[in-house]
Asks: 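Please read through the structure below; I'll follow up with questions.
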Amino acid sequence: GQTYTVNVPGQDTVTFTLKNSAKPGLRIIKYDRQTHETLPDITFKIYKDNQLIGTYETDRLGEILLTDLEPGTYRVEEVESDDGHVLDIIPQEIELTEGCGILELVFFNDKKPGLHLIKIDSSDPSKVIPNVVFEIKGYGTPFGPKEFTTDENGMIDLSKLEPGTYVVTEKKANGYVIDDAQRI
């Protein structure tokens, strides 16, 4: 702060008022794009004038609140999502100035599209087949190859796969003829 020298003559009372401009703040809010529910535990890196000031996680209300910031240009990047949502790779920038109050940046995440695979008897589609082994490999993505086995409902639940193309190959058919077609 600044120091002011005031001469007070005699017994006069002198009133001196110092006004400080309030430092700005930033609120980051993270939502699921479809449900508009807020998302906790999403990790962001925050930069001021291209200098990293820290890594922060959204709280249980899906928010990060920073107060008493210095004016400048702030860039916010999502660096880690939860296992059910796709990472939002597009950073956002905002200019904070003295006296602007608390400004907000809102980020939306899409749910991972996922894959449900159900193995049925071709002669009786109402009959599901458990314990069938499939190999699933990402095509142009780093996923797999990994083997998965159908459960008692004849199903493999891969509801949290990243978006992309996957090749599904049946490996072991548990008493049935293997369906040797690859599915993409």
Asks: Does any non-hydrogen side-chain atom of L69 lie less than 4.5 Å from one of K23?
Replies: no
Asks: Treating Ile, Leu, Val, Met, Phe, Trp and Tyr as nodes and any side-chain heavy-atom pair under 4.5 angstrom as an edge, say whether L66 and V76 lie in one connected cluster.
Replies: yes
Asks: Could you go step by step and tell me if E135 and K137 meet the salt bridge (charged side-chain N to carboxylate O under 4.0 Å, His left out) rule?
Replies: CA-CA 7 Å; E135 179 186 271; K137 180 181 185 330; over 6 Å; no
Asks: Can you give me the closest heavy-atom contact between I53 and Y74, atom names plus distance?
Replies: CD1-CE2, 3.9 Å
Asks: Which distance, rounded to the nearest 0.5 Å, do you find between the OG1 of T73 and the CD of E93?
Replies: 6.5 Å
Asks: Same cluster or not: are L26 and Y56 linked, directly or through other Ile, Leu, Val, Met, Phe, Trp or Tyr residues, by side-chain heavy atoms under 4.5 angstrom apart?
Replies: yes
Asks: Does atom CD of Q34 have more than 12 heavy-atom neighbours from other groups under 6.0 Å away?
Replies: yes
Asks: Would you name the heavy atoms of D88 and E78 that are closest together and state the gap between them?
Replies: CB-OE1, 3.2 Å
Asks: In sequence, state the C-alpha distance, the side-chain angles, and the governing distance for L96 and K48, and then conclude on side-chain contact (heavy atoms from CB on, under 4.5 Å).
Replies: CA-CA 10 Å; L96 298 182; K48 176 189 175 282; over 6 Å; no
Asks: Applying the side chain to side chain contact (heavy atoms under 4.5 Å, CB included) criterion to D82, which one of D41, I42, D32 satisfies it?
Replies: I42
Asks: With side chains defined as the heavy atoms from C-beta onward, is the minimum distance between I28 and Q92 less than 4.5 Å?
Replies: no
Asks: To the nearest 0.5 Å, tell me how far I89 CD1 sits from S81 OG.
Replies: 12.5 Å
Asks: Could you walk me through whether F107 and L39 pass the side-chain contact (heavy atoms from CB on, under 4.5 Å) test, one step at a time?
Replies: CA-CA 10 Å; F107 285 78; L39 299 175; over 6 Å; no
Asks: Quick check: are there more than 12 heavy atoms from other residues, nucleotides or ligands sitting under 6.0 Å from CZ of F148?
Replies: yes
Asks: Quick one: pull up CG in L87 and OG1 in T43 and give me the separation to the nearest 0.5 Å.
Replies: 9.5 Å
Asks: Examine I94 and Y31 and state if one hydrophobic cluster contains both, with Ile, Leu, Val, Met, Phe, Trp and Tyr joined whenever side-chain heavy atoms are less than 4.5 Å apart.
Replies: no
Asks: Yes or no on side-chain contact (heavy atoms from CB on, under 4.5 Å) for L65 and D59, after CA distance, side-chain angles and deciding distance?
Replies: CA-CA 9 Å; L65 178 61; D59 62 17; over 6 Å; no
Asks: Within a reach of under 6.0 Å around CD of E80, are more than 12 heavy atoms found that belong to other residues, nucleotides or ligands?
Replies: no
Asks: Of all heavy-atom pairs between K45 and V79, which one has the smallest distance, and what is that distance?
Replies: CG-CG1, 3.8 Å
Asks: So, for V128 and E152, which heavy atoms are closest and what is the spacing to 0.1 Å?
Replies: CG2-O, 4.0 Å
Asks: Distance check, rounded to the nearest 0.5 Å: L105 atom CG versus F44 atom CZ?
Replies: 9.0 Å
Asks: Quick one: do the T58 and E63 side chains pair a donor with an acceptor below 3.5 Å?
Replies: no
Asks: Could you pull out the closest heavy-atom pair between P91 and R75, with the gap in Å?
Replies: CB-CG, 4.1 Å
Asks: So, for V86 and K111, which heavy atoms are closest and what is the spacing to 0.1 Å?
Replies: CG2-O, 4.0 Å
Asks: Classify the ring geometry between H36 and F108 as parallel (under 30°), tilted (30 to 60°) or perpendicular (over 60°).
Replies: perpendicular
